[in-house]
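Just below is one structure, and these are the notes that go with it.
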Amino acid sequence: MPSTKGGATGSVIETFGLTKRYGRHLAVDRLDLTVPRGSVFGFLGPNGSGKTTTIRMLMGLIEPTSGRAKVLGRPMPFQARRVLPQVGALIEGPALYGFLSGRDNLLRYDSADPTADPRTRRARAEAALDRVGLTAAAAKKAKAYSLGMKQRLGLAAALLQPRALLVLDEPTNGLDPQGMREIRSLVRELASEGTTVFLSSHLLDEIEQVCTHAAVMTQGRLITQGPVAELAAGARGRLTVTTPDTGDAARVLKELGVADLVVTEDRVTGEPPGADLADVNAALVEAGVRVRGFGVERASLEDAFVALTGEGFDVAG
Amino acid sequence: MSRAEADAVAGTGTPVPGKSAPAAPETGAPEAPGPAAGPASASDSGPRPVRLAWTLGLFRSELSITFRRWRTLALLAVLAAVPVLVGIAVKIETSDGGSIGGGGPDGGGGPAFIAQVTNNGLFLVFTALAATLPFFLPMAIGVVAGDAIAGEASAGTLRYLLVAPAGRTRLLLAKYATTLTFCLVATLVVAVSALAVGALLFPLGEVTTISGTRIGFGDGLLRALLIALVVAASLIGVAALGLFVSTLTSSGIAAMATTVGLLITVQIIDQIPQLHAVHPYLFSHYWLSFADLMRDPIYWDDLVKNLGLQALYAGVFGSAAWARFGAKDIAT
Ligand SMILES: Nc1ncnc2c1ncn2[C@@H]1O[C@H](COP(=O)(O)OP(=O)(O)O)[C@@H](O)[C@H]1O
Ligand SMILES: [Mg+2]
């Protein structure tokens, strides 16, 4: 039996020039995405940057204007029947039958899958409910659920089967901080069991907290992708000097070639110079600057994003 | 090429050795019964086979969902109420010894067969079907069929059915089969309610056919069942039309309203003599031919024309729905 879990390249999702055009507007513009197997892949971008549109194309819900996509090594949407039973998905929020109980919603979605064994249906639904902490509310009608509970039920539907790939489109939307933490720990747990997780988000820190890899989108275009550590390293950290003598410190640093100086109340920050940082520190002390703290702050993904786009992380026009 | 082709009806599924689905790997104590209970490690989850019997699960799920909706039950309640109202009206009208209507299916005084109801309660079945077939029954079908795809689209549940993956062709077939089941159930609800009311308010007995011959009550009951089946089959065309409309929009309300609007339009066109050229192609044109089953011998010409026309509508609008739904962007 041929392996269906990723091609020879070991990637779970691959797109080649994937494009979706709505009228004159390019929602997704020549996207080349590679999601390695076993990764927790953050798909990062502000609202309107084309994340959901990409996911819809990957799941065979909408037809690309041009380009191709492979999921689990098979072309989508042509092999949807083979691919999708191994994929759990939460796309643009949960959608439920309000007049059915939470449990019956899961049974309904499970019976839509022709590869799902009806004999284990109830047991799998109970296990999925348990996993997202909804067992107590399983008999309640879904229309009485809070947004957070709906989100969990949507997640439970994605977990009705063991999956090779989970696609989660902004899974923490509408959740309180506690709910967000629970989702994140669930994602880590699933990843540790071997499921590749493709997680879209407009929240930088969320991606930084759970993802091993990330891709950054703005206005339908992919700006960068790779391991999170590398992306952050790509943006250089900032030299930070904590001192009561900010004026003197700024003067000395400028003489040493530190660019982009920013002075705040008791801190001076700037781009690290070419010179050895030990020499920089010595020069500060020599000039009589009372140094309380000295070092290079680790670059965050946000720094990387700002460095890449030259702009803040705002909603696309 | 339509996408529906790509994920055509399951059954030609993945060839996989072994006779049961891959069991879940052991992740500790097996608490839940059965194999593959519970979401488990995915690292060794291969593709699962498609089972022909399992693909019917979607149809069963459709049926249960349709008949659990408050709206469906309300429609059936309205349909069940029509024979009650007709029966009571006839009873009151005739309690002073008067008579109703001009007799015969083409008589001018109300629905077909109404004049015979006082003599034989079984005729209430024919009267009620004749009274509901022009509007109440097809309207109910239009609501259910129009909502079939568009309702799921506007609720957003359509995208989750499709990634389950239900398969577009399979989902459409399940929806159409469910709508046809509803046609049958709705017709039977009218017939059974009419039979009950007829038996309660009027005497039962031998039946006089339109041709004037007399047949036994048992034979009459059989004809009533046959008529109910023909009436249900008369709704096949509306069901296909409604399903097609349902694939055109992402608003359940719009699809229902459009289907019911088309129904009314067709009924009006069928009444305009100047448009007689198109009349034989209107899905409602031969609807009342079911009365020919009450002739002795049965007069088949219009009955066959009716069934052929319904099959034509099912073929044309079923294909149109399939082509449209197979290529549709699901953006809700
Ligand atoms: N069905 C649609 N019709 C027209 N434009 C759309 C449609 N869906 C999305 N768009 C546009 O495509 C862009 C990307 O949207 P989306 O993929 O939903 O972004 P994200 O999920 O990153 O917030 C937006 O500008 C949005 O307005
Ligand atoms: Mg989105």
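None of the values given here were measured: they were computed from a predicted structure. So you know, we letter chains A, B, ... as the sequences are listed, proteins then strands, and number each from 1. These numbers come from the heavy atoms of this one structure, side chains and all, not from hydrogens, waters or symmetry mates.
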Has the side chain of A:Tyr97 got a donor or acceptor atom that lies under 3.5 Å from a matching backbone atom of B:Ala155?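 Here the side-chain-to-backbone pair does not exist.
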
Does any N or O in the side chain of A:Arg108 come within less than 3.5 Å of the main-chain N or O of B:Ile65, such that one atom is a donor and the other an acceptor?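 No: the side chain of A:Arg108 does not pair with the backbone of B:Ile65.
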
Part of A:Asp104 within contact of chain B (heavy atom distance under 4.5 Å):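 Interface part for A:Asp104: side chain.
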
Quick one: [atom1] on [X] to [atom2] on [Y], what's the gap to the nearest 0.5 Å?
X: B:Arg69; Y: A:Phe99; atom1: CZ; atom2: CZ; value: 4.0 Å
X: B:Arg168; Y: A:Leu61; atom1: CZ; atom2: CG; value: 6.5 Å
X: B:Ile330; Y: A:Met59; atom1: CD1; atom2: CE; value: 14.5 Å
X: B:Leu161; Y: A:Ser111; atom1: CG; atom2: OG; value: 8.5 Å

Closest heavy-atom contact between [X] and [Y]?
X: A:Ile91; Y: B:Val163; result: CD1-CG1, 4.0 Å
X: B:Arg170; Y: A:Asp113; result: NH2-C, 4.5 Å
X: A:Ala80; Y: B:Pro165; result: O-CG, 4.1 Å
X: A:Arg56; Y: B:Arg159; result: NH1-CD, 4.0 Å

Verify side chain to side chain contact (heavy atoms under 4.5 Å, CB included) between B:Tyr160 and A:Leu96, making sure each step is shown before the conclusion. CA-CA 9 Å; B:Tyr160 287 111; A:Leu96 304 167; over 6 Å; no

At a 4.5 Å cut-off on heavy atoms, which part of B:Glu152 comes close to chain A: side chain, backbone, both, or neither?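 For B:Glu152, side-chain heavy atoms alone lie under 4.5 Å from chain A.
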
Engaged part of B:Arg60 at the chain A interface, taking heavy atoms whose separation is under 4.5 Å: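 Neither part.
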
